[in-house]
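One structure is given below, encoded as C-alpha cells.
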Amino acid sequence: MKRNEFLYIFPCIGAFAAALHFRAAVTEAMLAAGTRCVLVIIPSLYLFSVLSAFCIRTGLLNAAARPIHRLCRKFLRTDGILLLIWLFSQFAGYPVGVQLLAQLQEREHLPQAQCDRLLCCCFGCGPAFLLGLICKNTEVPQIIPLIMMLSIILPNFLLALWLLRGCTVSQSRQVRVLSTDFTSAVESGAAAMVKICAMILLFSAVTAIFGELFRSIGEYAAAMTGIAPMRLQACCGAILEISSLPEFLASGGSLPEAAALLSFGGICVHLQNAAICGGNFPWRRFWVTRCCCAAASYLLCRTALCFCEIPMQTVFLSTHDYTAALTQDSVLPLLCTALMAFVVLERAGNPLFTGKLERIHRIITYSARNH
C-alpha cells in the first residue's frame with residue numbers, strides 16, 4: 001500500500017471511530033441542526049431561491065434592470081442587472097447571490113474574473129434568516145434587527161461600490177416565460193435546499209465530535225483568553241456553521257459579535273457557495289473580504305447600540321425547546337418537504353423515481369377532467 005493511501009485511510013478510520021464513540025453527542029447535534037433546517041433555513045430561503053432562478057431563466061431580471069441601467073452606468077460604472085443581483089443577495093439570503101451569479105454566468109456569459117469579484121460582495125444573510133435565528137421565541141426590541149441588518153448591509157454596499165465598477169454583462173433583451181422555466185426553477189431551489197441542509201447536518205456532526213474531543217483544550221484556551229468555555233465553544237460552532245448562532249447568543253454572546261458572525265457567514269455557507277459555483281471559487285479574496293466586512297459590521301453594530309443606549313448583551317435565553325409535532329395539526333408541511341425531496345431524486349435520475357413525476361401529473365390531470 002502506498003504512503004499517500006495511508007494518509008486517507010487512517011483519518012477515515014478515525015472519523016468512523018469518533019462517530020461511533022460520540023454517537024450520542026452527534027445524534028443530539030444533528031437533531032438540533034435538522035430542527036433549524038426545517039424551522040429556519042427552508043422557510044426563509046426556499047422561496048427566494050426559486051424566484052431568483054425563475055427571474056434569471058426567463059430574463060425578467062434583465063427587464064427589471066433596464067430602467068436603472070443608464071443611472072448605474074453613469075454613477076456606478078456597472079450594469080443595472082448586477083446592482084439588482086447585489087440587492088437580491090442582501091435581502092434574499094446567503095445562497096441566492098451565488099445562485100444568481102452562477103446562472104447569469106451560464107446564460108449571459110459573465111466573465112469568470114468579474115464573477116469572482118462579485119462573489120465577494122453578493123453575500124448576505126437576509127432579514128428572514130436574521131429574524132428566524134435571533135428573534136424566534138424571544139422578546140427583543142424591533143430596533144435590534146434593524147441595527148444588525150444595516151450593520152451587515154453597509155460594509156457590503158461599500159465593498160460593492162468598489163468591486164462592481166467596470167463589471168458589465170451582455171444582456172439579453174428577450175423575455176421568454178415557458179412552463180419548463182417554472183419547473184426548472186423549483187428543481188433548482190429544491191436542489192439548493194438539499195445541498196444547504198445536508199452541509200448543515202454534516203457540520204453539526206463534525207462540530208459535536210470536535211467539541212467532545214477538544215473539551216479539555218477548549219477549557220485551556222478559555223483560561224488563556226478569559227472567555228467562558230461554553231461561550232468559546234459556541235463561538236467556534238457559529239464560525240463553522242452560522243445557523244448555530246442562537247446557541248452562541250444563549251451562551252452570552254453579544255449582538256455586535258453576532259453581527260460579525262452573520263457578516264462572515266460561516267465555513268459551511270462558504271462551502272455551499274463553492275459547491276454551487278462548481279469549484280471555481282476565489283477562496284483567498286473571498287475570505288479576506290468577509291473578514292474585513294465582519295470587523296466593520298462589529299464596529300458599526302457596537303457604535304449604533306451605544307448611540308441608542310441598548311445593552312450589548314441582550315437576553316436570548318427564553319427560547320423554547322422544540323417538540324416534534326405537525327404544524328397546526330396539518331400534514332401540508334410534511335407533504336411539501338416530501339415533494340421537494342421527490343423532485344430532487346427524480347431530477348437526479350434515480351431509477352426508483354425516474355418518470356414517476358410525469359405519471360403523477362397525468363393522474364392529477366385525468367382526475368381533474370373527470371371531476
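Just so it is clear, the structure is predicted and the values come from calculations on it, not from any experiment.
Taking 4.5 Å as the limit, some side-chain heavy atom of L262 sits within range of a side-chain heavy atom of L245. A 4.5 Å side-chain heavy-atom check between C308 and I147 finds at least one atom pair inside the cut-off. At a threshold of 4.5 Å between non-hydrogen side-chain atoms, the residues L101 and C122 count as touching. Contact annotation: the side chain of L100 never approaches that of S89 to less than 4.5 Å [non-hydrogen atoms, C-beta and beyond]. In this structure the side chain of L119 never reaches within 4.5 angstrom of the side chain of N273, judged on heavy atoms. The closest side-chain heavy-atom distance from I267 to W287 is below 4.5 Å.
Formation of a donor-acceptor pair under 3.5 Å by the D79 side chain with backbone atoms of R73 is not found in this model. Remark: side-chain polar atoms of S263 are not paired, donor with acceptor, to backbone N or O of A259 under 3.5 angstrom.
The aromatic rings of Y94 and F129 lie perpendicular to each other, with more than 60° between the two planes, well past the 30° mark.
When each of L159, I153, T78 is paired with W86, the side-chain contact (heavy atoms from CB on, under 4.5 Å) condition holds for I153 and for no other.
In this structure, the ring of H270 has its center less than 6.0 angstrom from the ring center of F264.
By the criterion of side-chain heavy atoms lying less than 4.5 angstrom apart, applied directly or through intervening Ile, Leu, Val, Met, Phe, Trp or Tyr residues, L131 is not grouped with L47; the two fall into different hydrophobic clusters. Cluster annotation: V98 and I81 are assigned to the same hydrophobic cluster (Ile/Leu/Val/Met/Phe/Trp/Tyr, side-chain heavy-atom contacts under 4.5 Å, transitive). Both I85 and F157 belong to a common hydrophobic cluster when Ile, Leu, Val, Met, Phe, Trp and Tyr are linked at side-chain heavy-atom distances under 4.5 angstrom. Two different hydrophobic clusters hold L299 and L154 under the rule that ILVMFWY side chains link at heavy-atom gaps under 4.5 Å.
Sorted by first then second residue, the salt bridge (Lys or Arg N to Asp or Glu O under 4.0 Å) pairs that include residues 285-305, not counting sequence neighbours, number zero.
With hydrogens and angles left out, the side-chain atoms of E257 and S254 include a donor and acceptor closer than 3.5 Å.
Here the CH2 atom belonging to W162 is positioned 8.0 Å from the CZ atom belonging to R117, to the nearest 0.5 angstrom.
Across every non-hydrogen atom of L130 and P145, the tightest pair is CD2-O, 3.6 Å.
Around atom CD of Q112, more than 12 heavy atoms belonging to other residues, nucleotides or ligands sit under 6.0 Å away.
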